[in-house]
Amino acid sequence: MRQSPLMNLPDAEWLDVLRAQAEKPGITKQAIANELGVSRTAVSLLIAGKYTARTDKVEKKIANKVMALYARRVWCPHLHASITPDQCRAFCAAPMTMSDPAALRHWVACKKCPENPVREQEGSNAV
């Protein structure tokens, strides 16, 4: 895992996955940018570790896309980590707990998460 030169913090896993994708033969940064819906410059700066803006905004925009497209995983904004799609569905479908504060915070975060697959299914069943 690379270190971010700006803050001496380890890079998020999704950045490592993005870098690995860019290193594959025949893959261009422009193609990656097109798939992710961002500029080629942003992709280049992220890969080089020179993105000067706060990465939390770009993380919200593309981390899940990076993990889904290139790692077959889901980026969980609550955990700030990647999880399998099955784990995501299990967290989303879990009943609310009152005995574990951390699990309750995760449950609340899942209900608001734009990546929540259970919420998407519920929304499609609405009349």
Side-chain angles (χ1 to χ4, degrees):
M1 186 179 284
R2 280 189 183 175
Q3 291 281 330
S4 171
L6 299 176
M7 294 190 279
N8 278 341
L9 297 173
D11 285 341
E13 181 183 2
W14 68 270
L15 278 170
D16 291 335
V17 170
L18 182 64
R19 286 186 186 107
Q21 180 66 16
E23 292 173 4
K24 290 182 180 177
I27 303 293
T28 65
K29 291 175 185 166
Q30 184 63 57
I32 293 170
N34 292 345
E35 287 179 323
L36 298 176
V38 297
S39 71
R40 185 203 173 284
T41 304
V43 170
S44 293
L45 292 171
L46 285 164
I47 290 168
K50 295 181 180 182
Y51 194 82
T52 56
R54 291 180 16 210
T55 57
D56 60 333
K57 287 186 178 183
V58 76
E59 179 178 291
K60 286 180 184 176
K61 183 175 181 180
I62 68 168
N64 198 53
K65 288 180 187 177
V66 168
M67 297 309 289
L69 287 171
Y70 310 133
R72 307 287 189 259
R73 297 185 59 87
V74 175
W75 183 256
C76 178
H78 176 74
L79 297 173
H80 298 285
S82 70
I83 57 177
T84 67
D86 289 340
Q87 289 171 314
C88 181
R89 277 189 289 281
F91 281 128
C92 293
M96 184 174 76
T97 180
M98 298 299 279
S99 60
D100 182 356
L104 179 60
R105 284 190 297 274
H106 195 163
W107 183 87
V108 170
C110 281
K111 297 305 169 200
K112 297 177 185 177
C113 182
E115 306 303 329
N116 182 333
V118 175
R119 186 178 72 178
E120 290 173 6
Q121 290 171 354
E122 291 169 356
S124 65
N125 293 336
V127 177

Donor-acceptor under 3.5 Å ([X] side chain, [Y] main chain):
X: R19; Y: W14; result: no
X: E35; Y: I32; result: no
X: N64; Y: V74; result: no

Trace of the side-chain contact (heavy atoms from CB on, under 4.5 Å) decision for H78 with R105: CA-CA 9 Å; H78 176 74; R105 284 190 297 274; 4.2 Å; yes
Where W75 and A12 come nearest, the two heavy atoms and their spacing: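 Nearest heavy atoms, W75 then A12: CH2-CB, 4.0 Å.
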Verify same cluster id: I83, V66 (apolar side-chain graph, 4.5 Å):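 No; V66 is not reachable from I83 via cluster members.
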Value rounded to 0.5 Å, distance of CG in D16 from OH in Y70: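 Between D16 CG and Y70 OH, I get 15.0 Å after rounding to 0.5 Å.
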Separation of S44 OG from Q30 CD (nearest 0.5 Å):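 Those atoms lie 9.0 Å apart.
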Between [X] and [Y], is any pair of side-chain heavy atoms under 4.5 Å apart?
X: L46; Y: I62; value: yes
X: L18; Y: L36; value: yes
X: F91; Y: N116; value: no
X: M96; Y: K111; value: no
X: L79; Y: H106; value: yes
X: C88; Y: C76; value: no

Pairing residues for D100 by the salt bridge (charged side-chain N to carboxylate O under 4.0 Å, His left out) criterion, not counting sequence neighbours: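 With sequence neighbours excluded, D100 shows a salt bridge (charged side-chain N to carboxylate O under 4.0 Å, His left out) to no residue whatsoever.
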Salt bridge (Lys or Arg N to Asp or Glu O under 4.0 Å) contacts in which one or both residues fall within residues 63-88, not counting sequence neighbours: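 Sorted pair list: D86-R89.
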Trace of the side-chain contact (heavy atoms from CB on, under 4.5 Å) decision for E59 with H80: CA-CA 10 Å; E59 179 178 291; H80 298 285; 3.5 Å; yes
All side chain to side chain donor-acceptor pair (under 3.5 Å) counterparts of T97, not counting sequence neighbours: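 S99.
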